[in-house]
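Below: the structure, in structure tokens.
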There are 2 protein chains.
Amino acid sequence: MALAHTILATLGDEAYSGYDLWKKFSQTSAYYWQASQQQIYRELGKLEKEGAIASEIIPQEGRPNKKLYKITEKGIEKLKDWLLEPAEPMAIREELLVKVIAAELVPRSVILQEIKRHRQIHTQQLSVYKEIEQQKFPEQVDQLSFKQKCFYATLRCGLSYESYRIAWCDEAIALLSED
Amino acid sequence: MALAHTILATLGDEAYSGYDLWKKFSQTSAYYWQASQQQIYRELGKLEKEGAIASEIIPQEGRPNKKLYKITEKGIEKLKDWLLEPAEPMAIREELLVKVIAAELVPRSVILQEIKRHRQIHTQQLSVYKEIEQQKFPEQVDQLSFKQKCFYATLRCGLSYESYRIAWCDEAIALLSED
DNA sequence: TTGACATACTCAACAATTTGAGTATACTAT
DNA sequence: ATAGTATACTCAAATTGTTGAGTATGTCAA
């Protein structure tokens with residue numbers, strides 16, 4: 001599964017503690033994979049057991065010690081093997097659409113309000129991504145390294161995802177508001 | 001969770017057997033919720049246990065008997081209650097993006113090939129949705145009933161999702177092909 | 001006549017995800 | 001003073017999702 005591989009990919013760059021990974025996941029990585037704290041800790045435990053990552057306890061003053069994880073040779077091999085396997089596009093599972101399907105059971109305003117709320121959330125997220133784009137990628141894209149381009153591609157995916165969602169919300173609101 | 005509610009919403013229109021639901025899910029409903037046969041049968045069992053749906057065994061000649069499920073009053077209430085609760089946009093979990101993040105570990109052609117393969121799958125799915133749009137909604141959209149408009153809105157979501165994915169694949173291929 | 005495919009469903013096991021509580025320390029603002 | 005927030009992690013339980021086998025019958029084409 002992909003959480004393990006996302007962690008391995010992240011640890012490929014530098015060492016992280018579980019907590020650091022969680023923060024990174026809730027911030028920058030949110031646009032390609034989402035995971036809770038508990039999931040990350042458990043996955044780290046599994047990966048260490050199988051030898052794909054190794055930890056070192058860093059004593060800290062004034063705050064709890066942290067366990068810093070690094071990827072091992074074995075982990076890099078595991079990641080490479082996975083990269084060579086094909087992956088299927090992920091299934092769509094969107095609660096809002098299920099609600100739209102059943103919308104006739106409640107007053108029309110209920111579903112319209114809900115779509116508007118989602119539009120608002122996506123607009124918010126879009127502006128977060130736009131901020132990141134401006135901060136991290138102000139230069140010409142062809143000046144970037146391959147690695148940076150890869151990261152930029154995922155950010156562009158997040159950006160266009162939010163734009164598509166907003167456009168759909170507008171279309172649906174127009175369609176379902178008519179009398 | 002939404003699978004139960006998707007089933008309830010579907011049974012709101014007419015009675016279905018588990019097998020019929022599965023077929024409907026793999027065909028028309030694929031663009032808002034996906035579920036396997038086993039998930040559907042298990043969920044039907046749970047829903048019947050809690051009294052949200054009721055079944056009737058239909059003896060058939062020449063093929064196995066089927067268990068037809070209908071929604072109950074209790075099920076309709078359950079569905080309505082759920083419709084009134086807000087839902088959060090679903091988390092993005094896209095394996096392809098994890099692969100893009102880790103792409104530097106393998107030859108560039110590996111990830112480019114994979115993106116092209118995904119582009120092909122999305123193009124295929126887009127044409128399926130376009131076919132459905134032409135077959136089921138050739139008329140003026142404002143002529144449709146509210147219920148039909150709701151269904152159409154979900155189809156439009158599927159259509160624009162596939163278009164967005166194809167556009168992203170093109171962007172990513174262009175970005176990552178440069179030297 | 002054999003094998004593929006469709007109908008119709010059940011059972012079991014496992015993997016992944018979510019939810020919530022719990023432990024501990026330290027900093028900061030009211 | 002104390003409440004909120006951040007750091008840092010663990011444990012348990014329930015739900016949801018995937019994988020694969022198993023049971024039965026009927027149709028259709030090679």
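In this structure, A/Ile7 atom CD1 and C/dT17 atom P are separated by 11 Å, rounded to whole Å. In this structure, B/Tyr16 places its OH atom 14 Å from P of C/dA8, rounding to the nearest Å. For the pair B/Lys24 NZ and C/dA8 C1', the interatomic distance rounds to 19 Å; values are reported in whole Å. Distance, B/Glu48 CD to C/dC9 P: 12 Å, rounded to whole Å. In this structure, B/His5 places its NE2 atom 14 Å from P of D/dT15, rounding to the nearest Å. Summarising the geometry, the separation between CD on B/Gln37 and P on D/dA21 is reported as 15 Å, rounded to the nearest angstrom. Between the CZ atom of A/Phe25 and the P atom of C/dT18 there is a distance of 13 Å, given to the nearest Å. Between A/Glu50 atom CD and C/dA15 atom P there is a gap of 12 Å when expressed in whole angstrom units.
Where B/Ala2 and A/Leu68 each meet DNA chain D at their nearest nucleotide, the meeting point lying more 5' is that of A/Leu68. Comparing B/Asn65 and B/Arg93, the nucleotide of DNA chain C nearest to each residue sits closer to the 5' end for B/Asn65. When each of A/Trp22 and B/Gln38 is assigned the nucleotide of DNA chain D with its nearest heavy atom, A/Trp22 is the one assigned upstream, toward the 5' end.
When the side-chain nitrogen and oxygen atoms of B/Tyr41 are compared with OP1 and OP2 of C/dC9, one or more of them lie within a distance under 4.0 Å. Contact annotation: B/Tyr19 side-chain N/O to C/dC9 OP1/OP2 distance is not under 4.0 Å. Listed pair A/Lys23 / D/dT7 meets the phosphate criterion, a side-chain N or O lying under 4.0 Å from OP1 or OP2. Residue A/Ser36 places no side-chain N or O under 4.0 Å from the OP1 or OP2 atom of C/dT17. OP1 or OP2 of C/dA16 has at least one side-chain nitrogen or oxygen of A/Lys46 nearer than 4.0 Å. Look at B/Arg42 and you won't find any side-chain N or O under 4.0 angstrom from OP1 or OP2 of C/dA13. In this structure, A/Gln39 reaches the C/dT17 phosphate: one of its side-chain N or O atoms is under 4.0 Å from OP1 or OP2.
The six-membered or imidazole ring of A/Trp22 lies near that of A/Tyr19, with a centre-to-centre distance under 6.0 Å.
Taken from OG in A/Ser160 to CG in A/Leu126, the straight-line distance is 9.5 Å, to the nearest 0.5 Å.
Within the 3.5 Å criterion, the main-chain N or O of B/Ala87 finds a donor-acceptor partner in the side chain of A/His118.
Counting non-hydrogen atoms under 4.0 angstrom, B/Glu43 reaches nothing in the nucleic acid.
The heavy-atom pair separating B/Leu176 from A/Phe146 by the smallest distance is O-CE1, 3.9 Å. Here the closest heavy-atom approach between residue B/Ile57 and residue B/Lys67 is recorded as CG1-CG, 3.7 Å.
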